[in-house]
> 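I'd like to ask you about the structure that follows.
Positions are given from 1, in the same order as the sequence printed here. Only heavy atoms go into these numbers, but all of them, side chains included; no hydrogens, no water, no symmetry mates.
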Amino acid sequence: MSEAKWYVAHTYSGYENKVKVDLEKTIENRGLQDQILEVSVPTLEVSELKNGVEKLADRKMFPGYVLIHMVMNDDTWYVVRNTRGVTGFVGPGSKPVPLDEADMEGLGFGKREVAVDFKVGDPIVVISGAWKDTVGAVKAVNESKRTLTINVEMFGRETPVELSFAEVKSM
């Protein structure tokens, strides 16, 4: 069996959640859980100000579209394409085009959360990249960018270098 990828199905506007529910029921009824892994309508929590009262509300990130993580074959294509409210897949002609994994990670799908316990002053060793096997002490940690800064000696001077968490390990 080939690997599952993310595809985008176009729906009638306002039918995104109905398509999601109907598709999930069809997947369960036909036993396709191993081929259609996830159906998603990405939303974003926004703050709305109405009549002087601030409320939190969910807004669809992509109105008119549903993201589907599935193995593309004739059966899965047929099930999705013939779900009420679906007008087709995104792609040229009738050939659906999968999304890049990097794009999906940017949306928060497939992203792995890694617990990081780096603190300023901790000794680390670089395990990959241009600074491989360099040993240093953590000078700064940026959890949002998932990077840390160490000082390395270059041309007789201490120079700060920013590295991703994946490039280093604790000593």
> With a 3.5 Å distance limit and no angle check, can you tell me whether D22 reaches the backbone of V19 through a side-chain donor-acceptor pair?
no
> Assess whether side chain to side chain contact (heavy atoms under 4.5 Å, CB included) is satisfied between I124 and V135, documenting all intermediate values.
CA-CA 6 Å; I124 56 105; V135 177; over 6 Å; no
> Could you tell me the separation between the CD1 atom of I68 and the NZ atom of K20, rounded to the nearest 0.5 Å?
11.0 Å
> Are any of the side-chain heavy atoms of F89 and V8 separated by less than 4.5 Å?
no
> Pairing donors with acceptors under 3.5 angstrom, does anything connect the side chains of S47 and E54?
yes
> Where is the tightest heavy-atom contact between W77 and M70, given as atom of each residue plus distance?
N-CE, 4.3 Å
> Within the structure provided, determine whether K55 and V53 are in side-chain contact (heavy-atom separation under 4.5 Å).
yes
> Please tell me if the side chains of V39 and I27 come closer than 4.5 Å, counting only heavy atoms from C-beta onward.
yes
> Can you measure from CD (E167) to NZ (K132) and round to the nearest 0.5 angstrom?
12.0 Å
> Could you tell me which residues satisfy side-chain hydrogen bond (donor to acceptor under 3.5 Å, both in side chains) with R30, sequence neighbours excluded, listed by chain and number?
none
> So, do T11 and T87 sit near enough that their side-chain heavy atoms are less than 4.5 Å apart?
no
> Would you say the side chains of D75 and Q35 form a donor-acceptor pair under 3.5 Å?
no
> Starting at CG of N73, measure out to OH of Y78 and round the result to the nearest 0.5 Å.
14.0 Å
> Roughly how far apart are Y12 OH and K18 NZ, rounded to 0.5 Å?
13.5 Å
> Taking atom CD1 of I127 and atom CG of D133, what is their separation to the nearest 0.5 Å?
10.0 Å
> Looking only at heavy atoms, what is the nearest atom pair of G91 and V97, with distance?
CA-CG2, 3.9 Å
> Kindly check if the number of other-residue, nucleotide or ligand heavy atoms within 6.0 Å of NZ (K60) is above 12?
yes
> Looking only at side chains, do T26 and N29 share a donor and an acceptor under 3.5 Å apart?
no
> I'd like to check L148 versus E162 (side-chain heavy atoms, cut-off strictly below 4.5 Å). Are they in contact?
no
> Could you walk me through whether V125 and K169 pass side chain to side chain contact (heavy atoms under 4.5 Å, CB included), step by step?
CA-CA 6 Å; V125 62; K169 71 175 185 177; 3.6 Å; yes
> Within this structure, what is the CE-CD distance for the pair M72 and E3, rounded to the nearest 0.5 Å?
14.0 Å
> So do V79 and L23 actually touch side chain to side chain, heavy atoms under 4.5 Å?
yes
> How far apart are the closest heavy atoms of N151 and P160, and which atoms are they?
OD1-CA, 3.3 Å
> Any side-chain to backbone donor/acceptor pair from E24 onto V21? Under 3.5 Å, distance only.
no
> Does the separation of the ring centres of Y65 and H10 fall below 6.0 angstrom?
yes
> Please examine the side chains of V168 and W131, heavy atoms only from C-beta on, and report whether any two atoms are closer than 4.5 Å.
no
> By ring-ring contact (aromatic ring centres under 6.0 Å, His included), which residues pair with Y7, not counting sequence neighbours?
none
> Could you report the tightest heavy-atom contact between V71 and T76, atom names first, then the distance?
O-OG1, 2.8 Å
> What's the shortest heavy-atom distance between P42 and L67, and which atoms?
CG-CD1, 3.4 Å
> Given the rule that I, L, V, M, F, W and Y join up when any side-chain heavy atoms are under 4.5 Å apart, are L56 and V41 in one cluster?
no
> Which heavy atom in E28 sits nearest to a heavy atom in Q33, and how many Å separate them?
CA-NE2, 3.6 Å
> Got a donor-acceptor contact below 3.5 angstrom from the E16 side chain to the V66 backbone?
no
> Would you indicate whether the side-chain heavy atoms of I150 and V126 approach each other to under 4.5 Å?
yes
